[in-house]
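Worksheet: the structure to be examined is printed underneath.
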Amino acid sequence: MEKTQLKELLAQMTLQEKIDQLLQLMAAFYSEKAEEKTGPMSDLDLSEETIRNAGSTLGVSGAKEAIRVQKSYMANNRLHIPTILMADIIHGFRTIFPIPLALGATWDLQAAEEMARISAKEAAVSGLHVTFSPMVDLVRDPRWGRVLESTGEDPFLNSRFAEAFVKGYQGEDLAHDFQRVAACVKHFAAYGGAIGGRDYNTVNMSERQLREQYLPGYQAALAAGAKLVMTSFNTIDGIPATGNKWLFRDVLRKDFGFDGVVISDWGAIKELIPHGVAENEKEAAALAITAGVDIEMMTSCYSHYLEELITEGRIDAALVDEAALRILELKNDLGLFENPYRGADEEAEAAVILCDEHRRAAREIAEKAVVLLKNEGLLPLQPKDKVALVGPGVYSKDVLGAWSWQGQKDEAVSLAEAFADRENTTMGTALFDYFEPSEKAVAEAIALAKAADKVIVALGESDWMSGEAASVTDIRLPQAQLAFFQAVAAVNPNVIVTLYNGRPLDLRDLDAAKGILEAWFPGTEAGHALSNILEGSVNPSGRLSMSFPESVGQVPVYYNSDNTGRPYESAPDEKYVSKYLDGSNYAKYPFGFGLSYSHFVYSDLTVTSATMAADETICATVTVRNDSQTDGVETVQLYIRDLVGEVVRPVKELKGFQKLTVPAGESRQAEFVINEELLRYVHSNQKRTSDPGEFELMIGGNSRDLLTTVIVLTK
């Protein structure tokens with residue numbers, strides 16, 4: 001439809017029909033089973049007519065059901081307007097890929113785009129139109145369980161991944177490419193800054209910090225064409241995001257130029273009441289619609305009170321018109337008016353879901369996400385090595401992680417299955433869970449360890465331990481696992497630990513391990529990916545996108561912190577500098593860190609010019625030599641520090657990276673183009689500009705180990 005036709009359609013709608021378009025309900029409301037309509041949903045107290053005309057639907061599963069729901073919806077809608085089917089497709093639909101934090105550890109934008117493309121394809125043939133992804137919230141506190149949904153602690157890296165996800169989900173022609181879905185960027189804004197790492201908690205930061213650190217990821221996703229934005233649960237400067245007119249009208253609409261749909265998170269409009277900014281649902285509805293929230297997810301403030309608010313003259317009917325029109329435009333952008341069943345296809349669904357091609361992609365991406373944190377010569381395993389495989393992660397299929405809605409654990413590959421055909425390998429068989437290993441399991445593991453050359457101890461979190469509503473104060477492994485590790489290490493020091501988890505952990509208790517592999521929640525092909533790394537058929541190339549602290553007491557600890565007036569580095573032996581008396585200032589494993597079976601040596605950092613005018617560029621080049629007998633992939637990272645700014649600047653900031661394949665014994669060069677735009681930052685006037693002066697330019701394999709030179713930006 002043309003926009004004029006959409007406006008004509010809007011003009012034919014009654015006020016109630018427009019308000020109904022602003023409502024999103026769960027698929028259970030359209031279920032043919034009466035028992036599925038009970039529970040919290042019945043508290044919405046909605047008329048059958050409103051339910052039948054709700055503009056979008058959450059959580060439909062399967063092509064057959066999607067077609068049924070759409071057919072029923074359109075038959076009951078006076079103007080035959082289709083509904084939009086939405087769901088949380090975060091890191092895979094049925095084929096589950098590594099969690100987003102692990103995808104960030106790939107530093108591979110093509111891998112992220114491929115994950116999104118395959119996820120979209122499986123979701124689309126199953127009848128879905130919109131995914132609530134990507135989550136681009138900047139994260140610095142591993143106590144917050146939802147760090148697993150982010151790609152990490154850096155705004156530059158998050159922005160690049162945000163672009164890749166949107167491109168993968170939406171493709172180039174969303175209206176006609178029925179194997180794509182619309183992307184919803186979330187959570188706007190700064191949800192990842194929750195105080196204390198406690199989910200749904202208050203966020204408190206300056207506008208300048210918000211604009212410089214937290215907003216770039218959202219802006220990048222929108223620039224890539226994301227069709228929707230989801231509100232966050234937190235406050236911004238004391239005002240909950242879902243009722244924050246400045247955030248959505250000024251920042252999102254005016255500053256960023258976004259003209260798509262804004263949807264609340266689950267129940268967020270009604271939550272304006274416990275936040276204490278609305279007295280009741282009527283006040284909450286007025287705040288949210290005035291702020292510019294178009295779709296209300298799973299509460300009924302709009303349905304019950306918008307018409308009354310308009311009649312009373314408290315809000316303008318134009319607010320409802322603009323929201324309803326944006327929803328119609330989204331339906332049009334998806335091609336739903338011409339193709340209401342879009343990609344839903346039972347035959348294609350059977351052929352596409354969890355096909356060999358998708359499993360292969362999931363395995364290859366999981367391999368890229370694994371980070372080798374420590375290796376004292378035990379890895380890779382050699383064919384002659386007698387290996388004992390012990391611990392709760394050996395047989396576990398709890399490898400998908402949170403937000404794997406359609407993923408099936410029984411379809412995942414365990415480490416035991418992947419090692420089944422390896423000679424010289426023994427595995428424990430006794431009962432062993434993550435928290436209460438049986439005495440028999442521990443005794444068996446110790447016996448196997450005594451007889452082995454090397455021991456793989458598979459540890460980690462269960463999926464419920466990270467994700468939404470999974471904040472913790474202790475980011476160590478469960479005590480039972482640590483005791484088990486110590487018992488095994490006491491009889492065989494050649495221990496390699498593998499980890500399944502959704503957040504950076506405090507790993508002090510594993511210092512005795514001679515090898516540590518961070519596998520995250522790798523997804524459906526977990527066992528194959530991890531075994532290929534352990535056995536050396538794949539050389540690990542993952543690099544952390546979020547720092548691992550020495551202890552939880554350092555949290556938040558991140559590489560791009562601001563300098564202080566008494567920096568520790570200026571006088572490390574002095575007391576009166578910014579430091580802890582009982583621990584390090586620095587992360588145990590910093591942002592960008594990861595080992596390889598190759599050994600890379602950096603040298604010859606050069607720049608084409610030491611000075612640069614605002615309209616010029618310079619090139620920085622570094623040589624990377626693979627001083628080993630194993631071909632490898634190195635992630636070369638560029639950091640810049642503004643030595644003197646109008647406001648305090650971070651000690652370093654990521655400004656570029658390259659994946660460099662370096663054959664054994666050979667050298668390759670990485671080149672970065674530096675321009676004035678890379679040197680800009682948000683000043684006290686909230687404008688992003690640069691200052692003339694000196695800048696440190698740093699290149700290396702992680703945020704800690706860097707070669708450095710100085711360049712000057714002239715006026």
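In what follows, every heavy atom counts, from backbone to side chain, and hydrogens, waters and symmetry copies are set aside. Note that this is a predicted model, so its numbers are computed, not measured. Index from 1, following the sequence.
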Below 4.0 angstrom, N of the basic side chain to O of the carboxylate: do [X] and [Y] qualify?
| X | Y | value |
| --- | --- | --- |
| R140 | E153 | no |
| K397 | D410 | no |
| E163 | R160 | yes |
| K588 | D511 | yes |
| E113 | R117 | no |
| R543 | E634 | yes |

Side chains of [X] and [Y]: closer than 4.5 Å at any heavy-atom pair?
| X | Y | value |
| --- | --- | --- |
| V457 | L510 | no |
| S396 | K409 | no |
| T524 | L400 | yes |
| Y214 | M205 | yes |
| L354 | R359 | yes |
| P98 | I365 | yes |
| F548 | V557 | no |
| L101 | F521 | no |

Is it true that [Y] and [X] share a donor-acceptor pair across their side chains at a distance under 3.5 Å?
| X | Y | result |
| --- | --- | --- |
| T151 | N158 | yes |
| N424 | K384 | no |
| N702 | Y589 | no |
| S133 | Y169 | yes |

Exercise for review: Using the side chain to side chain contact (heavy atoms under 4.5 Å, CB included) rule, take Y568 and Y586 through it: C-alpha gap first, then chi angles, then the decisive distance, then the call.
Suggested key: CA-CA 11 Å; Y568 167 74; Y586 307 116; 3.3 Å; yes
Problem - H358: which of R363, E122, E114 passes side chain to side chain donor-acceptor pair (under 3.5 Å) - result: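 Testing H358 for a side chain to side chain donor-acceptor pair (under 3.5 Å) against R363, E122, E114 leaves exactly one candidate, E122.
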Exactly one candidate in T635, T106, D108 meets side chain to side chain donor-acceptor pair (under 3.5 Å) with K659; the answer is T635
Heavy-atom closest contact ([X] atom, [Y] atom, distance):
| X | Y | result |
| --- | --- | --- |
| E367 | I533 | O-CD1, 3.8 Å |
| L544 | W520 | CD2-CZ2, 3.8 Å |
| V147 | P142 | CG1-CA, 4.2 Å |
| R198 | S471 | CA-OG, 3.5 Å |
| Y500 | A526 | OH-CB, 4.2 Å |
| A183 | V166 | CB-CG2, 4.3 Å |

Point-to-point distance, once rounded to the nearest 0.5 Å, from [atom1] of [X] to [atom2] of [Y]:
| X | Y | atom1 | atom2 | result |
| --- | --- | --- | --- | --- |
| I699 | D705 | CD1 | CG | 14.5 Å |
| L415 | T498 | CG | OG1 | 5.5 Å |
| F161 | S150 | CZ | OG | 10.5 Å |
| I195 | N234 | CD1 | CG | 10.0 Å |
| T708 | R641 | OG1 | CZ | 10.5 Å |
| Q637 | L706 | CD | CG | 8.0 Å |

Between [X] (side chain) and [Y] (backbone), is there a donor-acceptor pair under 3.5 Å?
| X | Y | value |
| --- | --- | --- |
| Q382 | P380 | yes |
| Y559 | L654 | yes |
| S159 | A220 | no |
| D631 | A664 | yes |
| N492 | A449 | yes |
| Y558 | D141 | no |
| Q554 | S584 | yes |
| D398 | S462 | no |
| H599 | R625 | no |
| R503 | M465 | yes |

- Task: Check the pair T661 / R668 against side chain to side chain contact (heavy atoms under 4.5 Å, CB included), numbers first and verdict last.
- Result: CA-CA 8 Å; T661 300; R668 294 290 186 270; over 6 Å; no
[X], [atom1] atom: more than 12 neighbouring heavy atoms under 6.0 Å:
| X | atom1 | answer |
| --- | --- | --- |
| K454 | NZ | yes |
| D562 | CG | yes |
| Q110 | CD | no |
| E436 | CD | no |

Checking I90, I96, D463, I99 against W403 for side chain to side chain contact (heavy atoms under 4.5 Å, CB included), the one that qualifies is I90
Kindly indicate, with the supporting measurements, whether the criterion side chain to side chain contact (heavy atoms under 4.5 Å, CB included) is fulfilled by E535 and F419.
-> CA-CA 10 Å; E535 295 184 272; F419 266 86; 4.2 Å; yes
For W107, the ring-ring contact (aromatic ring centres under 6.0 Å, His included) test, sequence neighbours excluded, returns F591, F657
Practice item. May I ask you to check whether W144 and Y191 place their ring centres under 6.0 Å from each other? Key: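 Ring centroids of Y191 and W144 are less than 6.0 Å from each other.
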(message) Working note: E518 + L499, criterion side chain to side chain contact (heavy atoms under 4.5 Å, CB included); need CA distance, chi angles, decisive distance, verdict.
(response) CA-CA 5 Å; E518 174 54 80; L499 295 168; 3.9 Å; yes
* To do: Could I get the full list of side chain to side chain contact (heavy atoms under 4.5 Å, CB included) partners for T630, not counting sequence neighbours?
  =>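 T630 satisfies side chain to side chain contact (heavy atoms under 4.5 Å, CB included) with N539, Y597, S598, S628 only.
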Donor-acceptor list for residues 477-485 side chains, cut-off 3.5 Å, not counting sequence neighbours:
| residue | atom | partner | partner atom | Å |
| --- | --- | --- | --- | --- |
| Q481 | OE1 | G460 | N | 2.8 |
| Q481 | NE2 | Y434 | O | 3.3 |
| Q481 | NE2 | G460 | O | 2.7 |

